[in-house]
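Both ligands and their constituent atoms are indexed starting at 1 by order of listing. Side chains included, hydrogens not; waters and symmetry mates left out as well; all remaining heavy atoms used.
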Amino acid sequence: MTTTEAAIRIRGLRKAYGPLVAVDGIDLDVHRGETFALLGPNGAGKSTTIEILEGYRDRTSGDVHVLGVDPSHGGLDWKARMGIVLQSSAEAAQTTVREQLAHFASLYPNPRRVDDVLDAVGLREKAKTRISRLSGGQRRRVDVALGIIGRPELLFLDEPTTGFDPEARREFWGLVRQLKSEGTTILLTTHYLDEAAQLSDRAGVIAGGRLIEVGPVGSIGGADARIPIVRWRDAGGLRERRTAEPAALVAALTAELGGEPSELEVVRPGLEDIYLDLVAAAAASDTKEQAA
Ligand code: ADP
């Protein structure tokens with residue numbers, strides 16, 4: 001296996017649950033060392049795709065390689081190279097945080113030090129606390145700690161910061177950046193588009209089982225999707241215009257009004273606006289296809 005090989009390689013992936021086609025022909029490469037965000041509305045097919053990659057679900061057809069191995073034949077040595085942080089929280093175990101981490105560490109050939117992981121997830125002070133006594137956000141950190149203790153080459157993070165307060169989320173972002181700087185490949189799903197924009201190199205949008213868009217987070221949706229919007233209020237109400245030259249428009253407006261435009265703002269659409277437009281457009285074209 002060479003290091004130039006993609007960490008994840010998907011070709012023509014399909015998964016049907018009886019008559020329902022949940023994943024409808026996905027092609028995707030996730031490069032080594034990359035943080036990739038998989039975005040999409042509920043029911044789009046994200047979990048199905050990820051569970052196939054993790055080896056937890058069979059596929060109907062298509063080729064999949066994860067760390068060079070077909071997940072349907074992945075053995076324990078292959079599993080040990082991955083870290084998985086599932087959506088559901090850790091069991092409310094009666095063991096302490098440190099005991100739980102030490103136990104998981106013993107299952108891997110080259111684990112991180114328990115103390116390093118406690119520091120990384122901010123649970124050093126809770127090391128001797130039973131997991132059942134932790135808050136929801138703290139338990140989530142235990143999930144993350146268990147996902148990284150084995151020093152994974154590839155880390156799956158499924159909605160990792162759900163239930164975090166803003167401060168904990170910022171700290172978690174720092175941890176993800178640290179893992180990335182150590183060379184970890186990360187596949188992230190999140191409903192927080194700011195999180196995807198902050199952490200990912202590239203993102204893919206899944207809707208209706210298809211990958212409708214993929215690209216660097218800074219250019220997804222194309223240049224037109226990022227044309228700034230100028231908003232202001234005049235006697236006729238709230239106005240909005242899109243222009244590539246917002247400064248010129250604001251200058252013209254100011255001259256025309258003879259002063260400051262009321263409630264003036266210039267915004268550049270962010271990943272969330274662009275994502276919502278992409279998903280709405282995909283839903284509209286599906287409706288059209290069904291009607292035809
Ligand atoms: P997402 O993770 O994007 O919310 P899922 O992959 O969970 O999407 O689901 C995609 C579609 O497949 C949905 O319509 C869902 O209801 C359906 N689905 C998921 N798992 C099963 C299953 N085990 N049996 C039948 N249908 C399923």
Side-chain angles (χ1 to χ4, degrees), residues 7-30 34-66 70-72 74 82-90 140 143-144 147 154-164 172 176 185-197 199-200 202-215 217 220-221 271-291:
I8 297 173
R9 186 184 147 88
I10 304 173
R11 292 292 179 276
L13 178 62
R14 273 175 56 87
K15 173 70 184 180
Y17 298 107
L20 180 102
V21 180
V23 177
D24 193 10
I26 285 182
D27 298 316
L28 175 68
D29 283 341
V30 175
E34 177 173 50
T35 301
F36 189 94
L38 201 53
L39 310 173
N42 289 336
K46 301 181 297 297
S47 304
T48 299
T49 303
I50 289 170
E51 285 172 14
I52 289 169
L53 299 177
E54 293 168 344
Y56 288 133
R57 209 172 272 270
D58 292 333
R59 56 190 188 263
T60 303
S61 59
D63 272 343
V64 180
H65 282 87
V66 177
D70 180 334
S72 56
M82 301 192 301
I84 297 177
V85 179
L86 297 172
Q87 256 178 49
S88 58
S89 199
R140 198 75 191 116
D143 293 334
V144 174
L154 171 62
L155 180 61
F156 292 94
L157 292 175
D158 197 1
E159 306 278 341
T161 62
T162 301
F164 280 30
F172 177 78
V176 173
T185 307
I186 298 168
L187 184 63
L188 168 76
T189 64
T190 180
H191 284 299
Y192 301 109
L193 278 291
D194 59 333
E195 182 160 286
L199 297 180
S200 322
R202 291 192 304 145
V205 179
I206 295 191
R210 295 185 199 158
L211 197 62
I212 56 170
E213 185 78 26
V214 61
V217 281
I220 211 164
L271 186 58
E272 178 147 349
D273 307 294
I274 293 163
Y275 163 82
L276 290 171
D277 284 349
L278 284 168
V279 170
S285 87
D286 268 5
T287 312
K288 232 190 242 167
E289 257 175 44
Q290 277 161 16

What distance do [X] atom [atom1] and [Y] atom [atom2] have between them, rounded to the nearest 0.5 Å?
X: L86; Y: D158; atom1: CG; atom2: CG; answer: 7.0 Å
X: T49; Y: R59; atom1: OG1; atom2: CZ; answer: 12.0 Å
X: I26; Y: R210; atom1: CD1; atom2: CZ; answer: 10.5 Å

Can you check atom 16 (O) of ligand 1: any protein non-hydrogen atom closer than 4.0 Å?
no

The criterion is salt bridge (Lys or Arg N to Asp or Glu O under 4.0 Å); which residues satisfy it with E213, sequence neighbours excluded?
none

Under a 4.0 angstrom heavy-atom cut-off, which atoms of ligand 1 come close to [X]?
X: R57; value: 23 (N)
X: P41; value: 3 (O)
X: N42; value: 4 (O)
X: K46; value: 1 (P), 2 (O), 3 (O), 4 (O), 6 (O), 8 (O)
X: A22; value: 10 (C), 11 (C), 12 (O)

For [atom], grab the closest protein heavy atom and report residue, atom and distance to one decimal in Å.
atom: atom 5 (P) of ligand 1; value: T48 OG1, 3.7 Å
atom: atom 19 (C) of ligand 1; value: Y17 CE1, 3.5 Å
atom: atom 7 (O) of ligand 1; value: S47 CB, 3.7 Å
atom: atom 8 (O) of ligand 1; value: G45 N, 3.1 Å
atom: atom 4 (O) of ligand 1; value: G43 N, 2.6 Å

With a 4.0 Å cut-off on N to O distance, would you call D29 and R202 a salt bridge?
no

Report the part of L20 in contact with ligand 1, treating N, CA, C, O as backbone and CB onward as side chain, heavy atoms under 4.0 Å; options are side chain, backbone, both, neither.
side chain

Compare every heavy atom of A22 with every heavy atom of T48, then report the nearest pair and how far apart it is.
OG1-CB, 4.3 Å

Any donor and acceptor pair, going by atom type alone, linking the side chain of K46 with main-chain N or O of V205 inside 3.5 Å?
no

Could you walk me through whether K15 and T60 pass the side-chain contact (heavy atoms from CB on, under 4.5 Å) test, one step at a time?
CA-CA 5 Å; K15 173 70 184 180; T60 303; 3.9 Å; yes

